[in-house]
Amino acid sequence: MPPTITAFESSPDRGRGQARDMRVRWALEEVGQPYDVRLVSFAAMKQPAHLALHPFGQIPTFEDGDLALFESGAIVLHLAERHAGLLPLEANARSRAIAWMFAALNTLEPPIVELGMALLFERDKSWHEARLPMLQDRVRVRLGELSRRLGEADWLDGAFSAGDLMMVTVLRRLNASGLLDEYPDVAAYVARGEARPAFRRAFDAQLAVFNAASRS
Ligand SMILES: N[C@@H](CCC(=O)N[C@@H](CS)C(=O)NCC(=O)O)C(=O)O
């Protein structure tokens, strides 16, 4: 039996592949592991059956035999450790790739999500215009640092790894903000990730869910 992941029945990103099931789909595609998807509604995510899998009532989850996981980072790390292709074999390089996963989730994603939330939900607030430049600058600081570290390299530390997969999916959340355009080398890095065949397959799979939901 292939593992089963959960994803939005109707994704608020309208098929742009920014929901976090995209990371798990991409990782599964990179390691060549088939998978099933169980689509869940917002209401179902808050019901006991889903809460037993995910204490915070969110997607994605991952079930494989008697293992159930939540948190996209934990799921991608699990896949990268169990299958070849997403982590280097050499021990120190492997630890560095994992450090980049944490950096993506813990250093880059918080200010990026904060900005995204402000753009989505706070535009009507009296303080929105005053707060926005501060949120944008917090993201710019990280993009500048990332750009300096990337330099001329294709990937963050040698060959493509789970660290890059996580970083690219986090950075893609900036697509609508225009901030990536200010850092062409970071934008090119994201585009390199998006050009990988495994990314395309994962993207198309989640887009097909959105298209099917739109037709029904
Ligand atoms: N840290 C979690 C975040 C999960 C998360 O925020 N999932 C979103 C979709 S991308 C969700 O389920 N949102 C609906 C909700 O929170 O009710 C992870 O990386 O898996």
Side-chain angles (χ1 to χ4, degrees), residues 3-31 33 35-64 67-82 86-87 97-122 135 139 142 161-177 190 193-194 199 202-210 212-214:
T4 300
I5 68 166
T6 50
F8 283 133
E9 182 181 81
S10 176
S11 182
D13 76 355
R14 306 182 59 77
R16 293 188 185 89
Q18 295 193 342
R20 290 172 177 85
D21 59 295
M22 181 62 202
R23 303 163 178 182
V24 177
R25 290 176 185 271
W26 186 7
L28 286 158
E29 292 288 353
E30 288 283 352
V31 301
Q33 167 80 53
Y35 61 99
D36 291 332
V37 182
R38 187 169 64 251
L39 301 176
V40 286
S41 66
F42 274 89
M45 283 192 292
K46 310 302 175 196
Q47 296 303 311
H50 190 77
L51 288 170
L53 289 173
H54 196 308
F56 308 115
Q58 297 180 314
I59 59 101
T61 60
F62 174 90
E63 293 155 84
D64 191 9
L67 174 68
L69 286 176
F70 61 98
E71 284 295 332
S72 59
I75 299 168
V76 171
L77 182 57
H78 167 78
L79 292 170
E81 283 182 326
R82 297 291 168 98
L86 280 173
L87 284 176
I98 294 170
W100 279 115
M101 292 182 67
F102 278 86
L105 294 173
N106 210 28
T107 303
L108 275 289
E109 189 163 54
I112 289 174
V113 166
E114 190 73 13
L115 174 62
M117 292 291 180
L119 292 171
L120 269 178
F121 302 118
E122 296 173 359
L135 297 179
V139 173
R142 295 301 180 219
S161 77
D164 296 293
L165 183 150
M166 201 54 79
M167 189 65 80
V168 167
T169 58
V170 166
L171 294 170
R172 290 188 75 253
R173 299 180 75 93
L174 288 170
N175 283 353
S177 75
V190 172
E194 291 174 337
F199 177 95
F203 184 89
D204 290 348
Q206 63 77 40
L207 181 60
V209 173
F210 175 73
S214 311

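Counting starts at 1 for both ligands and their atoms, in listed order.
Residue contacts with ligand 1, taken as heavy atom pairs separated by less than 4.0 Å, do not involve Phe56 at all. With a 4.0 Å heavy-atom cut-off, ligand 1 is reached by the side chain of Phe42 but not by its N, CA, C or O.
Backbone and side-chain nitrogen or oxygen atoms of Gln58 are examined, and one is located within less than 3.5 angstrom of a nitrogen or oxygen of ligand 1. On a distance-only criterion, Ile59 and ligand 1 share at least one N/O pair closer than 3.5 Å.
With respect to the salt-bridge test (charged N to carboxylate O, under 4.0 angstrom), the residues Arg23 and Glu109 qualify.
Arg25 contributes no side-chain N or O that, together with a main-chain N or O of Gly17, makes up a donor-acceptor pair within less than 3.5 Å. With hydrogens and angles disregarded, no donor-acceptor distance shorter than 3.5 Å links the side chain of Glu29 to the backbone of Phe199.
For the residue pair Leu53 and Ala68, the shortest heavy atom distance occurs at CD2-CB, 3.8 Å.
Under a 4.0 Å criterion applied to the non-hydrogen atoms of Pro60, ligand 1 contributes the atoms 20 (O). Every atom of ligand 1 is numbered from 1 in the order shown, and the set under 4.0 Å from a heavy atom of Phe8 is 9 (C), 11 (C), 12 (O), 13 (N).
Within the 4.5 Å cutoff, the side chain of Ile5 has no heavy atoms near those of the Ile59 side chain.
Separation of atoms CD (Gln18) and CG (Leu174) is listed at 8.5 Å; rounding is to 0.5 Å. Rounding to the nearest 0.5 Å gives a distance of 11.0 Å between OG of Ser11 and CZ of Arg20.
Looking only at protein heavy atoms, the nearest one to atom 19 (O) of ligand 1 is Ser72 OG, 2.6 Å. With respect to atom 2 (C) of ligand 1, the closest heavy atom belonging to the protein is Glu71 OE1, 3.2 Å.
Remark: among candidates Gln18, Arg23, Arg20, Lys46, the nearest residue to atom 5 (C) of ligand 1 is Arg20, based on non-hydrogen atoms.
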